2 protein chains.
Amino acid sequence: MATGRTHRPATRSRGIPEATVARLPLYLRALTALSERSVPTVSSEELAAAAGVNSAKLRKDFSYLGSYGTRGVGYDVEYLVYQISRELGLTQDWPVVIVGIGNLGAALANYGGFSARGFRVAALIDADPAMAGKPVAGMPVQHTDDLEKIIEENGVSIGVIATPAGAAQQVSERLIAAGVTSILNFAPTVLSVPDGVDVRKVDLSIELQILAFHEQRKAGEEAAAGASVPGGEGVAEVPGAGSGAAPAAAVEPPAGRAAAVARKNGPEGDVPAVMPA
Amino acid sequence: MATGRTHRPATRSRGIPEATVARLPLYLRALTALSERSVPTVSSEELAAAAGVNSAKLRKDFSYLGSYGTRGVGYDVEYLVYQISRELGLTQDWPVVIVGIGNLGAALANYGGFSARGFRVAALIDADPAMAGKPVAGMPVQHTDDLEKIIEENGVSIGVIATPAGAAQQVSERLIAAGVTSILNFAPTVLSVPDGVDVRKVDLSIELQILAFHEQRKAGEEAAAGASVPGGEGVAEVPGAGSGAAPAAAVEPPAGRAAAVARKNGPEGDVPAVMPA
DNA sequence: ATGTCTTTGTGAACGCGTGCACAAAGATTG
DNA sequence: CAATCTTTGTGCACGCGTTCACAAAGACAT
Ligand SMILES: NC(=O)c1ccc[n+]([C@@H]2O[C@H](COP(=O)([O-])OP(=O)(O)OC[C@H]3O[C@@H](n4cnc5c(N)ncnc54)[C@H](O)[C@@H]3O)[C@@H](O)[C@H]2O)c1
Ligand SMILES: NC(=O)c1ccc[n+]([C@@H]2O[C@H](COP(=O)([O-])OP(=O)(O)OC[C@H]3O[C@@H](n4cnc5c(N)ncnc54)[C@H](O)[C@@H]3O)[C@@H](O)[C@H]2O)c1
């Protein structure tokens, strides 16, 4: 998932809902696959299944684009591929720069699916002088000093940041100052950008943490259902104990901070242990 | 945006809203930074700014966890770090396997932030016999044949898929059959999984396409603004080629886009064309 | 033509998420 | 102890997104 433009001022948003926009690429992918198999038409039901969404949702999504279907038949695959591509702006060429050619940046540069849909890696940029000129994915890495020049000369409006978190904000500022108005950020930092600039983030760590949350919940329910007693849980040390703030154990379960939670919410789910930084 | 679990049966409504869960890692990151700077407390306003969200939203999010703040003062940093970590399940160790050690998989394996928060790469798995035994990130790559054994022996419940799209579904099935119940999928495919299994996807291509959509819209508005004075807010002008620093355009039918969208069926310039897949 | 059958397009209801605005809680000062 | 100041916690309203359900549109058969 990616966030970014949280701010939608509804500026004459006579447009396609954001949620719909986010699904269009999904539909496009499914349609492209059908197209390659020379399937002429698809029903909303079939396509929805392929894209993993509800068919009513899909129909409503398409309704924002116009009435491209034929009742009793379905949608013309080729036609829809074209319409969605056009709506997403994929009928034009989008030069992209990748900044930060480390493990991830190099992988991205080597990624084939990149150029498959109108996106073209225009340049690879890194701050490490030792990398300058070194070829990655058949393209010489360029030094950050030339960032502005590269952006302007290639008319780049989309930038990908794959630098360490500490450098991300500064890199984004340089990119924006040079003309970039859309950023895909892989660094685990919140980028602060001016209005008019779109930022989407890809954060592995966040995704894993969300999965962990659900995983823990699943384990908890399972345990509760099984009525089994998991091994000793030994309450570990509580960081920053003192501070006087927050009422400590008042009633309820085992002492410690866990009680605070139980106070408001349900009892179960107390699994204190070591805590990483 | 998990593909599988779209359905939320609200099983036992004792739950934190999904949107809140997705923000907790963000708060945690900001709090960890504060903690490292030995800041004792933060106000919702400060923390919200650091996390890039609305302060009211942050307070409401925290209210789902319980009442951990002190009015007139703010939140105790250390205490909150602990509570959020516990809620997210980061107080326990999560062994993770990465399947598909190619460009991306190797980058992920080398990623430090991985193990920083309770996640531990338990194994690297690849189908290529030539890779078996080869060390990546100081860990020998193991063959897919041993996938089930690895999962079971290490008690892995979270799997990361970084194989080509064509292999993703099959890999997910093997992972699930072996006991994995959470999957982070980097392959551009919709995974079909049974109930109870969570899937989250990271899709570079989709993110770029969403950015392209907004980028195109920005270019269009810009062009419209520069043209004749827009009297009515009704229909947007057609973003003609040229104008602005827009990238080189590819092929595109002449007829108005807005017209086709607004109208039921635009017979005019809507000639199906072959699009770059 | 007429009737039947399939599938779209969408009105309407509903639930979730967001953000405002403010009372209450507690710190702090006199 | 009372007054004042700060900041939380949340009631409430609003808008977006999702889903159901169905009339209407068109294909197709008779
Ligand atoms: N590797 C992964 O799988 C992964 C996963 C999720 C997130 N991330 C994030 O992506 C970013 C990159 O990760 P990585 O593993 O490739 O790190 P890395 O250290 O391998 O690469 C970082 C690169 O950025 C360059 N760099 C540093 N400062 C720069 C600057 N100011 N301008 C331009 N280039 C600069 C460095 O020279 C280096 O080549 C990090 O923020 C990391 O947290 C990585
Ligand atoms: N590289 C990127 O930056 C990037 C970005 C976005 C998405 N992706 C996606 O991530 C996936 C991996 O990308 P990549 O660039 O690393 O590809 P890659 O070809 O470099 O690596 C794929 C690896 O998967 C292994 N593999 C193939 N089938 C397997 C199977 N059945 N079981 C286990 N391993 C198997 C291959 O041996 C290979 O090592 C692809 O689906 C790609 O579309 C990659």
Side-chain angles (χ1 to χ4, degrees), chain A residues 1 3 5-11 13-24 26-27 40-49 51-77 79-80 83 243-247 260-261 263-265, chain B residues 1-2 5-10 13 15-24 26-27 40-49 51-77 79-80 83 261-266:
Chain A
M1 180 184 169
T3 317
R5 283 288 67 184
T6 313
H7 186 54
R8 186 143 311 290
T11 324
S13 60
R14 173 215 54 70
I16 300 170
E18 190 60 26
T20 295
V21 172
R23 280 188 294 268
L24 290 182
L26 225 49
Y27 301 144
T41 61
V42 265
S43 66
S44 62
E45 205 69 51
E46 295 169 321
L47 187 54
V53 304
N54 179 295
S55 70
K57 192 188 296 184
L58 178 144
R59 287 197 298 277
K60 181 146 291 189
D61 282 342
F62 286 173
S63 78
Y64 292 117
L65 308 184
S67 298
Y68 297 147
T70 304
R71 298 178 189 223
V73 175
Y75 299 88
D76 180 276
V77 174
Y79 186 50
L80 206 45
Q83 290 298 347
S243 185
V261 147
R263 192 180 48 164
K264 267 278 181 182
N265 298 319
Chain B
M1 54 178 87
R5 285 283 63 191
T6 311
H7 187 51
R8 186 155 313 291
S13 57
I16 299 168
E18 191 60 25
T20 294
V21 172
R23 279 188 294 269
L24 290 181
L26 225 48
Y27 301 145
T41 60
V42 266
S43 67
S44 61
E45 205 69 51
E46 295 168 321
L47 186 55
V53 304
N54 180 295
S55 70
K57 194 188 296 184
L58 177 144
R59 286 197 299 275
K60 182 150 291 187
D61 283 341
F62 285 173
S63 78
Y64 292 117
L65 307 185
S67 299
Y68 296 149
T70 304
R71 300 178 188 222
V73 176
Y75 299 88
D76 181 275
V77 174
Y79 185 49
L80 206 44
Q83 289 299 345
V261 170
R263 182 164 310 290
K264 280 295 180 183
N265 52 342

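Order of the sequence lines fixes the chain letters, A, B, ..., with proteins taken first and strands second; residue numbering starts at 1 for each chain. Owing to the predicted nature of the structure, the values given are computational and were not obtained by experimental measurement.
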Closest approach to the side chain of A/Ser63, judged atom by atom: which nucleotide of C/dG9, D/dT8, D/dG9 is it?
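Closest nucleotide among those given: C/dG9.
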May I have the distance from [X] (atom [atom1]) to [N] (atom [atom2]), rounded to whole angstrom?
X       : N      : atom1 : atom2 : answer
A/Lys57 : C/dT7  : NZ    : C1'   : 20 Å
A/Glu18 : C/dT18 : CD    : C1'   : 16 Å
A/Arg23 : D/dG17 : CZ    : P     : 8 Å
A/Glu45 : D/dA21 : CD    : P     : 14 Å
A/Leu47 : C/dT8  : CG    : C1'   : 13 Å
A/Asp61 : D/dT19 : CG    : P     : 11 Å

Student check: side-chain heavy atoms of B/Ser55 and B/Arg59 closer than 4.5 Å:
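In short, these two side chains touch, coming nearer than 4.5 Å.
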How about B/Leu80 and B/Tyr27: do any of their side-chain heavy atoms sit closer than 4.5 Å?
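Of all side-chain heavy-atom pairs linking B/Tyr27 with B/Leu80, none is under 4.5 Å.
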[X] side chain N/O closer than 4.0 Å to the phosphate oxygens (OP1, OP2) of [N]?
X       : N      : result
B/Tyr64 : C/dC16 : no
A/Ser44 : C/dT8  : yes
B/Tyr75 : D/dT6  : no

Closest non-hydrogen atom pair, B/Tyr75 against B/Ser44
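Answer, listing the atom of B/Tyr75 first, then B/Ser44: CE1-CB, 4.0 Å.
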Calculate, to the nearest 0.5 Å, the distance between atoms CZ and NZ belonging to B/Arg23 and B/Lys60 respectively.
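Reported value, rounded in 0.5 Å steps: 11.0 Å.
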Spatial distance of atom CG (B/Leu47) from atom OG1 (B/Thr41) [nearest 0.5 Å]
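If I round to the nearest 0.5 Å, the distance is 11.0 Å.
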Mark up nucleotides 20-30 of chain C, 5' to 3', with B wherever a protein heavy atom is under 4.0 angstrom from a base atom, S wherever such an atom reaches only the sugar-phosphate, and - elsewhere.
BB--BB-S---
Do B/Tyr79 and B/Tyr68 pass the ring-ring contact (aromatic ring centres under 6.0 Å, His included) test, and can you show the C-alpha distance, the side-chain angles, and the key distance before you say yes or no?
CA-CA 8 Å; B/Tyr79 185 49; B/Tyr68 296 149; 5.3 Å; yes
